[in-house]
Amino acid sequence: MTTHQGEDAAARPRGLWGRLVDAFHGRDTATPAPVVRPSSLEWRVDPDTESWWYQPPASPAGFQEIQGRAPDGYDFARLVWQACETCRLGLIVKIRVTGPWQRHGYGSRMVRFALQGRDGYSWTTTPQSEDARAFFPVLTASTGVAFPREMRSCEHMDVRPRRSESARQIDPPP
């Protein structure tokens with residue numbers, strides 16, 4: 001089938017090649033533009049589009065987790081910690097905030113969430129990255145809680161990690 005420049009666009013083949021030829025000649029392709037959603041790394045910091053999720057511990061001194069998630073579900077901020085009420089000991093196991101969300105207070109907000117109701121606890125961290133070695137002294141200055149990188153745990157924390165109930169959505173930490 002041959003087409004001529006004067007023919008109606010609807011009569012031309014609608015495959016990819018036909019749309020490319022139409023676009024090249026400046027004709028309306030009558031094809032709606034695809035909806036392009038940004039990937040997780042392209043999202044902008046926007047508190048109105050993020051959601052927060054909390055994973056409670058499976059045992060009294062078990063692992064807990066809080067996550068900040070982008071609209072596509074990507075967890076751009078995550079904190080994993082343990083806290084033992086009996087020994088009044090807390091351990092920051094892992095903290096991560098992905099590139100575009102760094103330096104917007106997400107790490108501090110997550111740690112403050114973990115500190116709630118735990119006045120007087122002694123906190124430590126696992127070995128720290130270069131970013132963490134800069135982060136924790138600033139956090140110490142603002143909270144008054146020291147976070148030495150001399151990982152300490154108690155016998156209550158030394159349990160195999162297991163999941164408890166499903167994570168639940170929570171209000172953003174202050």
Side-chain angles (χ1 to χ4, degrees), residues 35-174:
V35 175
V36 178
R37 293 180 178 251
S39 71
S40 292
L41 296 179
E42 296 170 324
W43 289 109
R44 299 293 178 247
V45 174
D46 182 0
D48 293 333
T49 63
E50 67 196 31
S51 61
W52 287 89
W53 296 81
Y54 171 66
Q55 177 73 49
S59 60
F63 290 91
Q64 299 177 65
E65 187 174 313
I66 185 172
Q67 296 179 5
R69 295 184 187 170
D72 65 355
Y74 174 72
D75 63 317
F76 64 84
R78 177 182 291 211
L79 172 68
V80 179
W81 77 97
Q82 290 180 276
C84 177
E85 184 176 346
T86 304
C87 300
R88 301 186 61 75
L89 186 63
L91 173 64
I92 303 292
V93 177
K94 176 71 177 167
I95 185 167
R96 176 185 56 80
V97 179
T98 305
W101 291 275
Q102 288 180 353
R103 301 189 192 349
H104 289 279
Y106 289 103
S108 299
R109 291 168 61 195
M110 291 187 303
V111 172
R112 282 190 171 92
F113 180 87
L115 294 175
Q116 287 178 356
R118 295 184 175 95
D119 293 338
Y121 277 44
S122 176
W123 287 84
T124 61
T125 71
T126 55
Q128 298 174 1
S129 68
E130 185 178 334
D131 286 339
R133 286 191 297 272
F135 169 74
F136 282 110
V138 172
L139 189 63
T140 295
S142 70
T143 63
V145 176
F147 295 94
R149 55 179 184 234
E150 55 190 46
M151 181 183 157
R152 285 194 336 252
S153 63
C154 65
E155 67 273 7
H156 307 108
M157 292 177 170
D158 295 333
V159 295
R160 275 184 62 129
R162 60 185 172 144
R163 291 289 180 195
S164 62
E165 62 192 66
S166 297
R168 66 178 186 268
Q169 193 167 358
I170 60 171
D171 290 333

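Just so you know, these numbers come straight off a predicted model, no measurement behind them. Excluded from the calculations below are hydrogen atoms, water molecules and symmetry mates; all remaining heavy atoms, backbone and side chain alike, are included.
Ring-plane geometry between Tyr106 and Phe76 is classed as perpendicular, the angle between the planes exceeding 60 degrees on a 0 to 90 degree scale with a lower cut at 30. Ring pair Trp81/Phe113 is perpendicular by interplanar angle, where above 60° counts as perpendicular and below 30° as parallel.
The shortest distance between side-chain heavy atoms of Ile66 and Ile170 falls below 4.5 Å. Residues Glu85 and Tyr121 have side chains in contact (heavy-atom distance under 4.5 Å, counting atoms from C-beta outward). Residues Met151 and Leu91 meet the side-chain proximity criterion, which asks for heavy atoms closer than 4.5 Å.
Residue Arg103 places its CZ atom among 12 or fewer non-hydrogen atoms of other residues, nucleotides or ligands, all under 6.0 Å distant. Open room surrounds CD on Glu130; 12 or fewer heavy atoms of other groups in view lie less than 6.0 Å from it.
The distance from atom CZ of Arg88 to atom SG of Cys84, rounded to the nearest 0.5 Å, is 10.0 Å. Between the CG atom of Leu79 and the CZ atom of Arg109 there is a distance of 13.0 Å, given to the nearest 0.5 Å. With rounding to the nearest 0.5 angstrom, the CD atom of Gln169 is 11.5 Å from the CH2 atom of Trp52. A distance of 9.0 Å separates CD in Gln82 from CG in Leu89, rounded to the nearest 0.5 Å. Summarising the geometry, atom OH belonging to Tyr74 is positioned 14.0 Å from atom CD belonging to Glu50; distances are rounded to the nearest 0.5 Å. For the atom pair Leu115 CG and Leu139 CG, the distance stands at 7.0 Å (nearest 0.5 Å).
Within the 3.5 Å criterion, the main-chain N or O of Arg149 finds no donor-acceptor partner in the side chain of Thr124. Although no hydrogens or angles enter the test, the distance criterion places a donor-acceptor pair under 3.5 Å between the side chain of Arg96 and the main chain of Asp75. Not one N or O on the side chain of Arg69 forms a donor-acceptor pair closer than 3.5 Å with the backbone of Ser51. At distances below 3.5 Å, at least one donor-acceptor pair connects side-chain atoms of Gln102 with backbone N or O atoms of Val97. Judged purely by atom type and a 3.5 angstrom limit, Thr49 has no side-chain atom pairing as donor or acceptor with the backbone of Pro71.
In summary, the side chains of Trp53 and Gln55 do not present any donor paired with an acceptor at a separation below 3.5 Å, with no hydrogens or angles considered.
A pairwise comparison of heavy atoms in Gln64 and Pro56 identifies CG-C, 4.5 Å as the closest pair. Between Ala83 and Arg118, the shortest heavy-atom distance links the atoms CB-NE, 3.2 Å. Smallest separation of non-hydrogen atoms from Ser142 and Arg112: OG-NH2, 3.1 Å. Here the shortest heavy-atom pairing between Gln67 and Arg78 reads NE2-NH2, 3.0 Å.
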Requested in this report: Take Val111 and Trp123 through the side-chain contact (heavy atoms from CB on, under 4.5 Å) test and state the conclusion after the steps.
Outcome: CA-CA 11 Å; Val111 172; Trp123 287 84; over 6 Å; no
